[in-house]
Every structure is written in C-alpha cells, then in structure tokens.
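Start at 1 and go down the list; that is how both ligands and their atoms are numbered. Residue numbers run from 1 in the order of the sequence given.
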Amino acid sequence: MLNEPIPFDPAHDLDALAASGALGGNVALYRQPRGPDLLRRAAPLEDWCALRMRHGVWPYARLLSGPPGPLATVEGDGLAAAQGINFASQDYLSLAAHPRVLDAAMRVLAECGPHSAGSAILLGNSRYSAALEQELATLLRCQHAVLFPTGWGAAFGAVTSLVHSADHVLIDTLAHASLRQGAAAATRNVAAFRHLDCDHLRELLAGIRAVDANGAILVVTEGLFSMDADSPDLPLMQYLCREYGATLLVDVAHDLGAMGPGGAGVIGAQGMLGKIDIVMGAFSKTFASNGGFVACNERSVRRQLQLFAGPHMFSNALSPVQAATVLECLRIVTAPEGEQLRADLMRNAVELRALLQEEGLRCLGEASPIVPLLLGSEAATRIAGMLLAREQVFVNPMEFPGVPLGAARLRLQLMARHTPAQIRRAATLLGTAARRALAAPRPLLRRGAAA
Ligand SMILES: Cc1ncc(COP(=O)(O)O)c(C=O)c1O
C-alpha cells in the first residue's frame, strides 16, 4: 500500500519557491571558489545547497530504509520517510533481493567474514574472486579479467595504467566522469569526439596520426550511455581503431547483464563478443554489489593493470562476500532465468516509454533499463522532482555536473520486478509533474534562474 500523497504545502507553492531563489543557480557556479582560505571559501556553495534543501528541491543524498526494491522507503528533500515507487535505485534485474544471491552472500559472510584481507596484489583475493574473474572472461569471450573494488576505480585505473603522458585519449563527450577524470590524469593529449559521432572520431584519429606515428591512442566509449540511454556503433569504432592503430575501451557498466543475448550487453547484441580490445564494467547496476572489472586478451595488459592501476594495487580488494554475490548474479544472468528477467525489464522499459510519449513527454535514447526524460531547464527539473517525491514516486533529477548545463532531466532506472501497475501509475504522475513544471510561468523560471 502506498502512503497517502502529502498535501501540497503552501510554503512550497511555486511562486514562493521561485521567489526563494532555490530554483536558480547551478553547481558549476561554485566549482572553483577563489581565495586563500581553503576551509571557508566554499561557504556560498553550502548556503545555496541549504537554501535548496529548505525548499525541498535538493533531491540528493536521500536515505533509503531497507532494500532498493521497486517499492522502497525513502527519506529526504525535507519529507518524512515514505514508501513509494522507486526509480532511483540501480538493480536492473532485481537481483539484490534474489533468494539465491542473498543466500550466497550469507554463506560466504559466515565462511570468510565481512572484509577482504588486503589489496588484490597482496592477500585480497579469494577463490570467489578467482572464479569471478574466470566466469566474467568467459561471458565476454576475453582471455583475462581483473577485478577492482569499484566500477569507478576500474575505469580510472584502466585509463591511467595503460595511457601515459606521450599518448592520446579520444573520448566520447558524454563518457562517465570516471573515464574523463582518468584521461585527464593520464595525459594532456585528450580530445572529446561528438557523442556517438564516428565521422568526428575518424577525423580526430587521422589528425593525430598525421603528426604522431608513435604515440598510443586510446578511444573511450560506453556500451549504454547512462544519461542518454543510447549506444555507439561498436563494429565501426573498433574498425576505425584498427585502421589508425588505436585501442578501443568500452565501459559496459549499464548494459552488461541487463541487456543482450545471454546478458552479454550491447557488445553481445552488436556481435562484437571477443572483438573489443578492452572491456570494463561495474557490478553496481545489475550484479547487486559494489565492484568493477577490466577484461582484455593480452596477458601483459592484465599485468599492467595489476601493477599500475592504483585502485587495484593500492586499495583493498573486493571482499569475498562481494565476489560471491556477483558470481551468483552472473550465474543467474547467464541462465534461462536471466533471459526471463531481461524480458521483464525490457517490457517495463517499452511500456513506460510508450506511456510517457502518450503523456506528451520526450524520452531520450532507446528502450533500455534507463529512461531519461529531458526537460532542459534545471528549474523545471527541480520542480518536477519535488512534485514526484510528494506523490511518492522517486526518480533522480539530473543536473550539471551529471549532465551538461541546460540539459537537465529526470532519470528513471527500471527493474525487472517493477509491476505493470507501478509503471502505469508512475507514467501518469510523471506526465502531470512534468507538464506542471514546464508550464510554470516563464517569469517564474527566469526569476529563479537569475537568482
Ligand atoms: C558508465 C559508468 N561507468 C562507471 C561507473 C562507476 O561505477 P561504480 O558506481 O560502480 O563505482 C558508473 C557509475 O555511475 C557509470 O555509470
């Protein structure tokens, strides 16, 4: 049973909200505060966040009670804990609540205790992590897989351990921060190609090779982009990399397990299993655990990752419980049950996108576990997110730095176990909230934005 919607509080009336200034500003304005006092110079950022919090439009760092299921109990935005329909968690195949996954985690907790004994290069490995590396490599048809304590660490570690200052990185302009920050830390020779644009990529590759025959070039993209729900042409990208002597890295954090035949993600769906130079991913979206991996075919690349990727070498390894959790998820993902869960997830995605279109709303990308609803204006996105939270529909309103300025959106992440009734109810409420937010009188939005 859902709780009763919280009546709209006059204190949150839209005019009052705009007048408060809580709809204006953005994180970019506060990113690099100036002045010698490192401890106090960020005070204006804190004031701005506090203002948004007071007015219920700071939908971040909320508290979740219990598991991250399709119905979840969430507290935040100045609202008391309430149970609602949850599109703000990452558990695409609903494996975090799967009895076999819970059982595996409990068994290994009892057997090995709660933590890993050290970095993977020391005594942090276990028979569960060894089996996981082996089974991941098999799924991806790669020779090797190297584990990392987080997906972030896998991305950052892969780029920084393989690329050095004389090399080049060409990266999709919308690639995840972990990849972009890895590129920036590895070399100054970083260029972004337009999102999914292989002609632009070819132009940049040719430009580099015209002046530098010796530097290595790493080309970086994602299987399924986490804010836009779209995918690159991987066969063409890998072909271009071969043509120009470059190496392709694909981050499959959001699609591996949740999409593609046998759970092989977009790489599998595009017939590229075993043909991509380097594949990296995260366990946090489909495999019910923190953690990540990098898969490759060369033994020497594996060694380079093990010895020079900081998050692998200098951070405690995945715990045995985490490794066993992911391993059990992987076994479900690759079994017929995984196929059924992916079919349920995709049914939800197709249904929600169709219903939102009927509501007159624009979803970005293709049917996938991610449904991004582009609103554009940060103010409208804040209003819509607040209205939805009051109706106990939890979504993630995305603003800069998650997405570019002026491209704010509501991001919904679906699960296999969302029910058709939850999808229908959410679509209606999303339609109402987005229309109301977008129709807020222009001066209201402008006034807020100028504050
Ligand atoms: C595309 C992509 N790569 C890497 C990561 C990092 O993974 P994790 O959060 O599991 O560390 C994320 C997570 O947001 C992601 O979306």
Side-chain angles (χ1 to χ4, degrees), residues 60-61 64 68 87-93 95-96 132 136 140 145-161 169 171-185 192 195-196 218-232 234 248-260 265-267 276 278-295 305 309-312 315-319 322-323 325-326 329-330 364-365 368-372 396-404 409 411-414:
Y60 307 114
L64 179 69
F87 294 102
S89 292
Q90 317 196 105
D91 186 22
Y92 295 150
L93 292 191
L95 294 179
L132 177 57
L136 269 173
L140 292 163
V146 177
L147 300 180
F148 285 76
T150 63
W152 201 96
F156 188 86
V159 179
T160 50
S161 61
V169 177
I171 186 163
D172 189 291
T173 192
L174 296 186
H176 190 259
S178 52
L179 297 161
R180 283 186 282 114
Q181 290 181 23
H195 184 49
L196 307 183
L218 183 68
V219 173
V220 178
T221 189
E222 296 181 15
L224 175 70
F225 279 84
S226 62
M227 298 294 169
D228 290 61
D230 50 11
S231 299
L234 293 176
L248 180 62
L249 182 152
V250 182
D251 178 344
V252 296
H254 287 273
D255 53 299
L256 189 73
M259 297 173 75
V266 170
I267 290 179
I276 300 290
I278 299 172
V279 182
M280 66 117 317
F283 302 134
S284 52
K285 330 295 174 189
T286 299
F287 297 90
S289 172
N290 286 4
F293 72 90
V294 180
L305 290 162
H312 180 86
S315 189
N316 250 43
L318 275 187
S319 71
Q322 290 174 310
T325 299
V326 178
C329 289
L330 194 56
L364 298 176
S368 75
I370 299 165
V371 180
N396 282 320
M398 292 294 180
E399 298 183 28
F400 180 89
V403 295
R409 66 201 67 177
R411 182 176 73 164
L412 286 79
Q413 288 174 289
L414 300 181

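- The closest approach between a heavy atom of Ser178 and any atom of ligand 1 is below 4.0 Å.
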**Report entry** Working for side chain to side chain contact (heavy atoms under 4.5 Å, CB included), residues Leu179 and Val169
**Finding:** CA-CA 10 Å; Leu179 297 161; Val169 177; over 6 Å; no

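- Atoms of ligand 1 lying under 4.0 Å from at least one heavy atom of Glu222, given by number and element, are 1 (C).
- Among protein heavy atoms, the minimum distance from atom 14 (O) of ligand 1 is reached at Lys285 NZ, 3.0 Å.
- Relative to atom 3 (N) of ligand 1, the option among Thr150, Asp255, Asp251 with the closest non-hydrogen atom is Asp251.
- Scanning the protein heavy atoms around atom 15 (C) of ligand 1, the nearest turns out to be His176 CD2, 3.3 Å.
- Tested against Phe293, the residues Val146, Val252, Leu318 include a single side chain to side chain contact (heavy atoms under 4.5 Å, CB included) partner, Val252.
- Checking side-chain atoms of Ser161 against main-chain N and O of Ala158 turns up a donor-acceptor pair under 3.5 Å.
- For His254 (side chain) and Gly223 (main-chain N/O), no donor-acceptor pair under 3.5 Å exists by modelled atom type.
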What do the steps show when you test Phe287 against Leu330 for side chain to side chain contact (heavy atoms under 4.5 Å, CB included), and what is the final call?
-> CA-CA 7 Å; Phe287 297 90; Leu330 194 56; 3.7 Å; yes

Side chain to side chain contact (heavy atoms under 4.5 Å, CB included) between Leu414 and Tyr92: does it pass, once the steps are laid out?
-> CA-CA 6 Å; Leu414 300 181; Tyr92 295 150; 5.9 Å; no

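- Panel note: side chain Arg180, backbone Ala175; a donor-acceptor pair is recorded below 3.5 Å.
- Scanning all protein heavy atoms for the shortest distance to atom 11 (O) of ligand 1 gives Trp152 N, 2.8 Å.
- Ranking protein heavy atoms by distance to atom 10 (O) of ligand 1, first place goes to Ser284 OG, 2.5 Å.
- For atom 16 (O) of ligand 1, the candidate residues are Gln90, Met280, His254; the nearest heavy-atom contact is made by His254.
- With a heavy-atom cut-off of 4.0 Å, Ala282 touches ligand 1 through its side chain alone.
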